[in-house]
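In what follows, chains carry the letters A, B, and so on, assigned in the order in which the sequence lines appear, proteins first and then strands, with residues in each chain numbered from 1.
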Amino acid sequence: MKISGAKAFIKCLKEQGVDTIFGFPGGAVIEIYDELNKCDDIRHILVRHEQGAVHAADGYARVKGDVGVALVTSGPGATNTVTGIASAYCDSIPMVVFTGQVPTQLIGNDAFQEVDIVGITRPCTKHNYLVKNPEDLVPTIREAFHIARTGRPGPVLVDLPKDVIGSTIAFPENRQVKLRTYRPTYEPHPGQIEKACQAILKAKRPVIYAGGGVVLSKAHEELTRLARKLHIPVTMTLMGLGGFPGTDPLSMGMLGMHGTYYANMAVAESDLLIAVGARFDDRVTGRIDAFAPHAKIVHIDIDPSSISKNVKVDIPIVADCRHALAAINSWIDRKGEVNDAAQKEKLAAWHDKIAGWRKKHPLGYKEEGDIIKPQYVVEKLHELTGGEAIISTEVGQNQMWAAQFYHFNHPGSLLTSGGLGVMGYGFPAAIGAQIAAPDRIVIDIAGDGSIQMNIQELATARQHGCPVKIAILNNGYLGMVRQWQELFFDRNYSATPLDVAPDFVALAKAYGGVGLRATRKSEVEPVIKEALKTDNVVIMDFVVAREEGVYPMVPAGKATTEMLLV
Amino acid sequence: MRHVISVLLQNKPGVLSRVTGLFSGRGFNIESLAVAQTLDPEVSCLTLTTTGDDMIIEQITKQLHKLIDVIKVTDMNEVESVEREMAIIRVKAEAGTRAEVLRVIDIFRGKVVDVSPKSYAVEITGPASKIKAVIDILRPIGIQEIVRTGVISMARAKKN
Ligand SMILES: Cc1ncc(C[n+]2csc(CCOP(=O)(O)OP(=O)(O)O)c2C)c(N)n1
Ligand SMILES: [Mg+2]
């Protein structure tokens with residue numbers, strides 16, 4: 001039996017397990033929307049800007065642990081997705097984005113709302129497709145999902161010309177996708193595992209440096225087992241937070257530009273760095289030649305191109321992080337003959353040293369009477385949610401304070417635009433997260449600047465019943481840029497004061513949500529409590545110390561040991 | 001160091017731009033590029049020459065591998081191979097130099113492919129080093145135009 005392209009599209013999505021699409025309609029995809037409205041198994045979340053659809057699909061994917069899906073029209077609908085796609089690409093988030101396209105016979109003619117979105121997104125997708133023949137439609141969608149969710153995950157874009165959607169096709173039977181040219185390596189090489197294990201057992205000053213790959217591959221249990229068994233201290237990248245319990249005594253928190261003093265010192269003095277699903281980003285390494293200068297480096301990553309890209313690696317292991325850590329754990333169980341007391345004894349001096357650093361410069365901030373310190377707000381959010389909320393962030397100081405002071409204990413509990421640093425990511429991502437986990441508390445820790453970049457999604461949250469809580473750390477500035485101007489540009493606050501700002505409380509109300517404000521420290525707790533018991537989207541406007549800075553800070557291009565401290 | 005890299009690709013629209021986009025986006029340089037269908041019409045072979053230290057070449061091959069449409073990447077510097085390039089060189093050939101040009105071409109086993117009263121266009125085939133040698137010798141006589149195909153390369157068959 002033959003069916004329309006639009007029907008086949010929906011059928012294929014269902015076959016791929018899709019139950020939610022984030023999207024925004026237009027002429028080029030109107031046939032798909034016609035079918036979507038008749039389909040009870042797929043929920044369509046109507047956003048208010050296509051960028052919001054992609055970030056929401058990103059948040060949804062991270063919380064669900066599966067592929068997020070966005071659907072938009074051709075031309076401007078497609079171009080509006082680019083920031084979201086680029087962010088998902090940097091953070092390796094599995095996602096398929098469908099864009100409408102003008103009919104095939106018009107492609108290349110500068111038709112109305114025609115844009116070469118495959119060309120535009122080539123460098124920021126894992127792969128992308130223009131479906132030119134109706135019979136390729138279903139196989140291409142299957143391939144797209146396969147590529148998005150396997151190997152190092154990432155966004156895949158599928159461009160759908162209107163005539164392909166409007167065509168009539170036979171729905172091909174579902175066979176397992178096998179690509180001649182794409183076979184990611186999941187299993188580690190046993191020889192490399194043995195080398196890594198021997199190095200790990202020999203090390204006197206080991207550090208585990210865990211990145212987003214741990215979260216993506218769900219390797220947290222294996223990682224926790226390894227660290228606890230051998231008493232190895234763990235530091236995480238921004239994307240890795242939650243991959244190891246932040247409240248565990250072995251956790252040193254985040255490393256890098258705004259990492260803890262003790263994490264950066266420990267890496268600098270380590271004799272073995274075990275990098276797991278991390279990519280030696282410049283925000284992590286600082287001046288590259290001063291990064292872990294005494295350490296032998298083990299690097300586990302599923303993407304071979306991440307290995308030895310920035311830093312020469314001694315023991316590379318190309319594999320899925322979970323598989324590789326499992327292999328390491330079982331090698332150590334079988335052959336390691338680890339005597340717990342002896343291992344503890346061997347690392348005692350190292351742990352003493354780290355404890356000394358921790359004592360000398362703990363993570364902290366200065367209280368100032370009844371003025372609200374932004375860090376205090378994050379601490380209170382942690383306390384009042386028992387550390388169990390899903391936190392998304394915007395970008396800037398708010399993001400770093402969230403990373404530093406909400407001690408993430410579970411993978412998938414921090415959603416942040418780590419690689420691209422997109423202001424405006426947090427709120428739509430929170431909506432996606434809330435839809436994936438309706439019973440969880442979802443909080444967007446926001447800046448007063450960033451929140452305005454996708455504030456229109458308040459309507460989406462309202463329309464789809466997402467009681468997301470937004471905590472604006474309102475400092476009246478594009479604070480992170482202001483901090484750089486304070487430190488490196490003689491306090492020349494060029495274009496960073498947000499002199500005109502909306503009344504966020506009134507704004508929330510205008511959308512039918514709830515607005516709350518705290519201007520004094522004593523009001524923080526009641527406001528959070530009120531928000532947490534509200535079954536509606538809430539903006540909490542915390543008017544915080546205007547010129548508070550994020551510390552520690554490694555100035556760009558400096559060694560990570562050259563930190564500016566509180 | 002100069003490397004010749006051979007890439008087998010799916011013969012599909014847009015694949016070439018994925019490769020060239022990768023090079024420009026990551027700041028790798030391409031000195032020459034040649035691409036055409038192979039014995040299997042679904043597969044193209046792309047040969048490129050580039051320069052870089054070991055870490056850069058390693059990144060180039062890994063990044064090429066990462067492209068979904070890439071089937072195989074070979075650094076031809078690491079295998080025994082035959083390398084060829086063709087150039088058509090238009091060289092000034094006036095009364096005093098016509099004979100000399102022909103002599104040079106003959107030494108390099110080139111061929112005259114176009115003749116005019118004041119110039120010859122000559123075809124030279126060989127490894128890139130040979131093309132360079134011919135150009136160096138003809139330059140003082142007066143080269144007017146050069147067109148080159150870019151290097152192609154094939155691994156030698158195993159001898160046993
Ligand atoms: C889309 C986008 N534009 C510009 C920037 C550069 N930028 C990084 S942080 C920042 C300031 C953010 O201000 P705000 O949201 O108020 O957060 P704060 O730092 O004050 O907490 C800016 C402008 C960015 N990251 N993203
Ligand atoms: Mg701000």
Side-chain angles (χ1 to χ4, degrees), chain A residues 86 89-90 92 104 107-108 116-133 136 140 143-144 146-148 150-159 177-185 279-280 288 299 301-313 316 318, chain B residues 1 3 5-30 33 35 37-48 50-75 77-78:
Chain A
Y89 184 62
C90 292
S92 310
T104 40
I107 290 176
D116 174 14
I117 196 65
V118 167
I120 289 172
T121 59
R122 200 168 281 134
C124 62
T125 49
K126 184 170 172 188
H127 197 53
N128 60 16
Y129 299 89
L130 167 64
V131 181
K132 279 197 173 151
N133 299 308
D136 292 339
T140 303
E143 234 176 81
H146 174 71
I147 289 172
T150 53
R152 178 177 178 174
V156 178
L157 181 138
V158 183
D159 201 16
V177 178
K178 268 219 175 100
L179 294 171
R180 170 178 187 184
T181 58
Y182 171 75
R183 292 200 197 106
T185 309
R279 60 188 175 90
F280 299 81
I288 199 93
H299 189 183
D301 207 293
I302 198 162
D303 177 1
S305 74
S306 280
I307 295 175
S308 290
K309 182 172 69 180
N310 302 330
V311 169
K312 197 101 193 111
V313 168
V318 177
Chain B
M1 191 173 136
H3 284 248
I5 294 175
S6 171
V7 188
L8 292 181
L9 310 155
Q10 304 266 38
N11 190 2
K12 286 194 210 156
V15 177
L16 184 59
S17 68
R18 290 185 201 278
V19 174
T20 53
L22 171 71
F23 274 71
S24 59
R26 292 191 179 266
F28 304 141
N29 73 324
I30 301 182
L33 181 85
V35 56
Q37 207 180 76
T38 61
L39 191 59
D40 177 351
E42 287 184 7
V43 176
S44 305
C45 179
L46 180 152
T47 312
L48 59 87
T50 184
T51 48
D53 60 26
D54 290 351
M55 224 159 140
I56 290 175
I57 299 297
E58 183 179 331
Q59 262 303 302
I60 289 176
T61 52
K62 284 175 168 178
Q63 292 291 346
L64 283 167
H65 251 302
K66 205 165 139 179
L67 296 175
I68 306 284
D69 289 324
V70 166
I71 301 165
K72 192 172 172 210
V73 181
T74 314
D75 181 350
N77 288 35
E78 291 180 356

Colleague: I want to check something: taking the side chain as every heavy atom from C-beta on, are A:Ser308 and B:Glu58 in contact at a cut-off of under 4.5 Å?
Modeller: yes
Colleague: With a 4.5 angstrom heavy-atom cut-off, is it the side chain or the backbone of A:Pro123 that approaches chain B, or both, or neither?
Modeller: neither
Colleague: Is it true that atom CD of B:Gln37 has more than 12 heavy atoms of other residues, nucleotides or ligands lying nearer than 6.0 Å?
Modeller: yes
Colleague: Could you state the interatomic distance from NE2 (A:His146) to CD1 (B:Ile68), rounded to the nearest 0.5 Å?
Modeller: 8.5 Å
Colleague: What's the separation between atom CG in B:Leu67 and atom CZ in A:Arg122, rounded to the nearest 0.5 Å?
Modeller: 10.5 Å
Colleague: Is it the case that over 12 heavy atoms from other parts of the model lie below 6.0 angstrom from the NZ atom of B:Lys72?
Modeller: no
Colleague: Measure the CD1-CG distance between B:Ile71 and A:Leu179 for me, rounded to the nearest 0.5 Å.
Modeller: 11.5 Å
Colleague: Say you draw a straight line from NZ of B:Lys66 to OH of A:Tyr182; how long is it, rounded to the nearest 0.5 Å?
Modeller: 10.5 Å
Colleague: For A:Ile307 and B:Lys62, which heavy atoms make the closest approach, and how far apart are they?
Modeller: O-NZ, 2.8 Å
Colleague: Which pair of heavy atoms, one from B:Gln10 and one from A:Thr181, lies closest together, and at what distance?
Modeller: NE2-CG2, 3.8 Å
Colleague: So with a 6.0 Å cut-off around CG of B:Asp54, is the heavy-atom count from everything else above 12?
Modeller: no
Colleague: Where is the tightest heavy-atom contact between A:Ser305 and B:Gln59, given as atom of each residue plus distance?
Modeller: O-NE2, 2.7 Å
Colleague: Which bit of A:Leu130 comes within less than 4.5 Å of chain B, counting heavy atoms only: side chain, backbone, both or neither?
Modeller: neither
Colleague: Report yes if some heavy atom in the side chain of A:His127 is under 4.5 Å from a heavy atom in the side chain of B:Arg18; otherwise report no.
Modeller: yes
Colleague: Check whether A:Asn128 gets within reach of chain B through its side chain, its backbone, both or neither, counting any heavy atom under 4.5 Å.
Modeller: both
Colleague: May I have the step-by-step check of side chain to side chain contact (heavy atoms under 4.5 Å, CB included) for A:Arg180 and B:Val43, ending in yes or no?
Modeller: CA-CA 12 Å; A:Arg180 170 178 187 184; B:Val43 176; 3.7 Å; yes
